[in-house]
There are 2 protein chains.
Amino acid sequence: MEYMNTAPVASSASAGGPRWLTDEEQRVWRSYIEAATLLEDHLDRQLQRDAGMPHVYYGLLVKLAEAPQRRLRMTELAMSAKITRSRLSHAVARLEKSGWVRREDCPSDKRGQFAVLTEEGQEVLRKHAPGHVSAVRQAVFDRLTPEQQKSLGEIMRIVAEGLQPREAGADLPWLR
Amino acid sequence: MEYMNTAPVASSASAGGPRWLTDEEQRVWRSYIEAATLLEDHLDRQLQRDAGMPHVYYGLLVKLAEAPQRRLRMTELAMSAKITRSRLSHAVARLEKSGWVRREDCPSDKRGQFAVLTEEGQEVLRKHAPGHVSAVRQAVFDRLTPEQQKSLGEIMRIVAEGLQPREAGADLPWLR
DNA sequence: TGATGGAAGTTGAGAGTTCAAGCAGAATCG
DNA sequence: CGATTCTGCTTGAACTCTCAACTTCCATCA
């Protein structure tokens, strides 16, 4: 009896026993885990080395850069980046220290805070975007056919949807 | 001029300028990032809550469970899990504290160490595998058609291959 | 044998993340 | 209005990960 993989191997009867993954499903799952691990690691390294920040932080700057006044409420930013507010708080504190983001009080809600991309923040993006795109291209797009790219998009969209926030809850309204 | 996403938006001329991602490529990339973030987070939470360890650690136990004597050299384990040796060292130290793994000296190479899955380690896997598989199934496999599953496998295999270790280097022979 | 370089693994400090708790302001309602 | 509850965001401690040394042992070769 093989127990698991990052999920176990086949051999399911009919009754309530857990539906293990088939061999094929397992191969798929392992490929996913490996690629995801290697990829995130690769991008983290690339950005840490070149831009001095991890991939997630870079993503935050990008979201801000695209937002109306290059600003977003903390909660909005957290939701859009799919991270907890707590994590965001720490992250923004760090980005503030680096001078790439600044906090601003929200006039309409005294509890609220805006995270605002600074000029230096924009500069950092301008400077390192090319390297980052190229890393992404090299690791992913250059290796996939147009059909595969399309497939990947559909698949990931479905998975993401299934895990979306839904209803509220303690510190993580999102993340179920 | 849109600068970036977690990679910038289109508008490329002909000369050397960075080849930005097209709108469609960007949508794909964002979906990927979102799904990967939500998924890893979801599994980490599930396992942390139920089994008292993060997803990566669970993966390590699984690798050991499948290995010949339920043991693997540190370096082998690190490579197979796609993580650095340093990270593994810390991880195994923690797993040892929890009593799920034990270290053993390698007879043939005095520098070498085996990570060995303990009886408690196996027990933990047996106990929590069902919940974990079910989480993976719910989040991924149950939502995809067989074709999509196959596609996902191929795509991720390609990406993983492209990022594989190749030649040696400092502390991270893998991870380029 | 002894020097030299490489390989296996660990370590410590700093950075990032999680979790539970906490504070202040907003909203609801009697 | 005052009490109660909810929302927005922050905090601190515990934990994990990264990065750059560092130690020990193996391998090569003169």
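All values below come from the heavy atoms of this structure, side chains included, with hydrogens, waters and symmetry mates left out.
- In this structure, CZ of Arg45(B) is placed 9 Å from C1' of dC19(C), rounded to the nearest angstrom.
- Side-chain atoms of Arg111(B) and base atoms of dT24(D) include no donor and acceptor less than 3.5 Å apart.
- In the set dG8(D), dC19(C), dT10(C), the nucleotide with an atom closest to the side chain of Thr75(A) is dG8(D).
- Going from atom NZ of Lys110(B) over to atom C1' of dT23(D) covers 15 Å, rounded to whole Å.
- Judged by atom type and distance alone, Ser86(A) reaches the base of dT11(D) through a side-chain donor-acceptor pair under 3.5 Å.
- When each of dC19(D), dT18(C), dT18(D) is scored by its nearest atom to the side-chain atoms of Asp41(B), the top-ranked nucleotide is dT18(C).
- Note: CD (Gln113(B)) to C1' (dT11(C)) measures 14 Å, nearest angstrom.
- When the P atom of dA8(C) is taken as reference, atom CG of Asp105(B) falls 16 Å away, rounded to whole Å.
- Checking dT11(C), dC25(D), dA8(C) against every side-chain atom of His90(B), the shortest atom distance belongs to dT11(C).
- Between the P atom of dT16(D) and the CD atom of Glu40(A) lies a distance of 19 Å, rounded to the nearest Å.
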Subject >> Arg126(B)/Glu123(B) under salt bridge (Lys or Arg N to Asp or Glu O under 4.0 Å): CA gap, chis, key distance, verdict >> reply: CA-CA 5 Å; Arg126(B) 267 185 228 110; Glu123(B) 193 44 38; 2.5 Å; yes
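- Salt bridge status for Glu24(B) with Arg27(B): present, with a side-chain N to carboxylate O gap under 4.0 Å.
- Listed pair Arg85(A) / dC9(D) fails the phosphate criterion, with no side-chain N or O lying under 4.0 Å from OP1 or OP2.
- A salt bridge links Glu104(A) to Arg71(A): one of the charged nitrogens lies within less than 4.0 Å of a carboxylate oxygen.
- Within the structure, every side-chain polar atom (N or O) of Arg87(A) is placed at least 4.0 Å from both OP1 and OP2 of dG16(C).
- The side chain of Arg103(A) contributes an N or O atom lying less than 4.0 Å from OP1 or OP2 of dT10(D).
- In this pair, His132(B) and His55(B) present their aromatic rings tilted. The plane angle is within the 30 to 60° band.
- One atom, CZ of Arg94(B), and another, C1' of dG12(C), lie 20 Å apart when rounded to the nearest Å.
- When the nearest nucleotides of DNA chain C are assigned to Met53(A) and Ser108(A) by heavy-atom distance, the more 5′-ward of the two goes with Met53(A).
- The pair Glu76(B)-Lys63(B) does not count as a salt bridge, with every side-chain nitrogen at least 4.0 angstrom from each carboxylate oxygen.
- Between Asp44(B) atom CG and dG16(C) atom P there is a gap of 18 Å when expressed in whole angstrom units.
- In this structure, OH of Tyr57(B) is placed 11 Å from P of dC15(D), rounded to the nearest angstrom.
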